[in-house]
Amino acid sequence: MIVTTKQLYNVAYGKFAVGAYNVNNMEQILGLFRGNMQSRSPFIIQISKGARKYADKRMLEALIRTADQMFPEAIFAVHLDHGDEATCYDCIDSRFYSSVMIDASHEPFEENVAITKRVVDRAHAKGISVEAELGMLGGVEEDIKVDEKHACLTNPEEAVEFVSQTGCDSLAAAIGTSHGAYKFKGRQGLHFDVIAEIQKRIPGTPIVMHGSSSVPKEEVERINAAAGKLDPSARGVDENEYLPAARLGVTKVNIDTDGRLVWTRVHREFFRDHPEQFDFRAPGKVFVEEYANFIAHKNEKLGSANQLEAVRASL
Ligand code: G3H
Ligand code: 13P
Ligand code: ZN
């Protein structure tokens with residue numbers, strides 16, 4: 001059943017975080033639904049502009065609608081990840097997405113407010129939730145590159161102004177993370193002081209954490225042992241920081257890179273160990289199972305495991 005992110009946040013806020021997982025293909029969607037059913041978790045499926053281009057937005061919609069029929073117990077939101085204004089409108093008008101992210105964080109504050117407000121007005125008129133971003137995440141966001149040196153954390157004072165002027169439903173805040181596999185140089189960890197300040201100033205507004213992959217060391221080592229060439233210094237968010245952050249209002253946790261690492265490890269190891277194989281269904285089956293286990297594990301760490309019935313009861 002497709003619900004809005006707001007409906008999920010109503011139950012989760014301050015208690016646990018909802019996993020927001022990027023999808024690009026059939027195997028990922030199948031594993032995602034299986035994993036969430038395994039852990040009895042509500043979840044958010046997110047689709048980036050890149051995914052809509054890669055698989056065709058109609059293909060992804062058809063896959064997700066089919067999965068919804070195959071897993072009638074599932075409760076999830078369908079969310080546009082890092083949308084520009086035009087893509088937000090396309091999703092709002094599609095009658096499929098229940099939530100969009102407008103990412104105008106690269107614009108000056110006033111322009112970010114103006115763009116976000118236009119999207120909020122149009123989305124709310126159709127009952128769709130809006131996530132907006134303030135502050136700059138380091139690393140690579142879609143096609144926007146932010147120099148790590150200039151990556152700046154969200155200013156809690158500005159967050160108050162931004163949320164009240166735009167009416168957005170949730171706030172993607174820069175709290176020390178970045179996208180991709182190479183998040184931290186030197187000190188590793190979330191800026192809990194900034195999260196706490198933001199929550200104090202906008203209590204009740206869910207905070208979204210982008211760049212939340214944990215980049216497990218073991219995963220990187222296994223990929224490299226199977227002829228991968230990832231920089232062994234790759235590092236992500238400590239999974240044990242998800243729940244403390246959730247208690248401070250971080251209610252949506254975005255995970256993409258870790259899923260890509262599972263895909264890469266499974267396929268590299270499979271073809272290393274079975275060089276005679278060329279049927280893609282064989283590693284595909286392994287991947288779906290491994291991805292489902294990965295999702296169930298993440299949900300345990302996020303605290304969303306066994307929250308499905310609480311969400312159902314709230315609807
Ligand atoms: O934040 C970006 C997500 O990881 C999506 O990545 O644009 O390569 O699909 P993508
Ligand atoms: P990761 O690169 O840490 O998985 O972050 C994904 C993300 O924030 C998608 O919006
Ligand atoms: Zn992101």
Side-chain angles (χ1 to χ4, degrees), residues 5 17-25 28-29 32 43-57 59-60 77-84 87-88 91 97 99-106 130-146 148 151 153-154 168 170-185 188-190 206-217 219-220 230-231 234-239 241-242 245 250-265 291 294-295 297-299 301-302:
T5 42
V18 184
Y21 301 101
N22 288 73
V23 296
N24 288 269
N25 65 19
Q28 238 183 338
I29 292 170
L32 178 64
F43 61 103
I44 297 167
I45 286 196
Q46 49 185 21
I47 303 172
S48 69
K49 280 188 292 172
R52 282 160 59 91
K53 205 163 146 201
Y54 169 69
D56 191 297
K57 60 183 182 179
M59 182 74 82
L60 290 174
V78 180
H79 176 79
L80 169 69
D81 190 28
H82 293 288
D84 54 28
T87 313
C88 282
C91 293
Y97 289 74
S99 170
V100 293
M101 174 190 188
I102 172 66
D103 181 357
S105 58
H106 48 284
V130 178
E131 172 184 328
E133 181 170 324
L134 182 65
M136 296 262 210
L137 291 137
V140 181
E141 269 183 26
E142 292 271 326
D143 45 4
I144 305 159
K145 286 191 174 59
V146 183
E148 261 189 339
L153 303 180
T154 299
C168 65
S170 57
L171 182 71
I175 49 180
T177 62
S178 62
H179 292 104
Y182 308 101
K183 299 188 193 300
F184 297 103
K185 287 199 184 87
Q188 179 177 13
L190 303 181
I207 301 165
V208 178
M209 180 159 79
H210 283 251
S212 314
S213 281
S214 60
V215 193
K217 199 170 179 311
E219 203 72 304
V220 173
L230 300 184
D231 182 339
R235 285 200 286 172
V237 176
D238 180 346
E239 287 182 327
E241 293 194 334
Y242 292 155
V250 173
T251 318
K252 173 173 179 272
V253 165
N254 285 14
I255 295 168
D256 186 7
T257 296
D258 282 348
R260 296 179 185 199
L261 294 176
V262 175
W263 189 94
T264 305
R265 184 252 303 163
Y291 193 70
F294 154 77
I295 294 290
H297 164 82
K298 280 285 178 203
N299 292 338
K301 293 291 181 183
L302 295 168

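Along the sequence shown, residues are numbered consecutively beginning with 1. Side chains included, hydrogens not; waters and symmetry mates left out as well; all remaining heavy atoms used. In each ligand, atom 1 is the first atom listed, and ligand 1 is the first ligand listed. Note that the coordinates shown come from a computational prediction; the quantities given were computed from them, not determined experimentally.
Below 3.5 Å of separation, one finds no N or O of S178 facing any N or O of ligand 2. At a 3.5 angstrom cut-off on N or O pairs, D258 does not count as close to ligand 2. Looking at G180 next to ligand 2, an N or O pair under 3.5 Å apart turns up.
Residue H82 has at least one heavy-atom neighbour below 4.0 Å for each of these atoms of ligand 2: 10 (O). For ligand 2, the atoms closer than 4.0 angstrom to any heavy atom of N22 are 9 (C). Every atom of ligand 2 with a heavy atom of H210 under 4.0 Å away is listed here by number and element: 8 (O), 10 (O). Against a heavy-atom cut-off of under 4.0 Å, I255 is close to the following atoms of ligand 2: 4 (O). In the vicinity of K183, heavy-atom distances shorter than 4.0 Å reach the ligand 2 atoms 1 (P), 2 (O), 3 (O). Within the listing of ligand 1, atoms 3 (C), 4 (O), 5 (C), 6 (O) sit less than 4.0 angstrom from a heavy atom of D256. Here is the list of ligand 1 atoms found below 4.0 Å of a heavy atom in S48: 5 (C), 7 (O), 9 (O), 10 (P).
Checking G211, S214, S213 against atom 8 (O) of ligand 2, the nearest heavy atom belongs to G211.
The proximity of N22 to ligand 1, defined as any non-hydrogen pair under 4.0 Å, is limited to the side chain. The part of H82 lying near ligand 1 is the side chain, judged by heavy-atom distances below 4.0 Å. Proximity of N254 to ligand 1, defined as any heavy-atom pair under 4.0 Å, is not found for any part of the residue. Contacts between R260 and ligand 1, counted as non-hydrogen atom pairs separated by less than 4.0 Å, involve the side chain only. Here V237 has no heavy atoms under 4.0 Å from ligand 2, in either its backbone or its side chain.
At least one heavy atom of Q46 sits less than 4.0 Å from an atom of ligand 2.
Defined by atom type and a distance below 3.5 Å, a donor-acceptor pair is missing between the side-chain atoms of E133 and H210. Side-chain contact, K298 with S214: a donor N or O sits under 3.5 Å from an acceptor N or O.
Proximity of a side-chain donor or acceptor of D103 to a complementary backbone N or O of G83 within less than 3.5 Å is not detected.
The nearest protein atom to atom 9 (C) of ligand 2, hydrogens excluded, is given as D81 OD2, 3.2 Å; this is a heavy-atom distance.
For H210, the N, O or S atom with the smallest separation from the Zn ion (ligand 3) is ND1.
The two residues G211 and T177 make their nearest non-hydrogen contact at O-CB, 3.3 Å.
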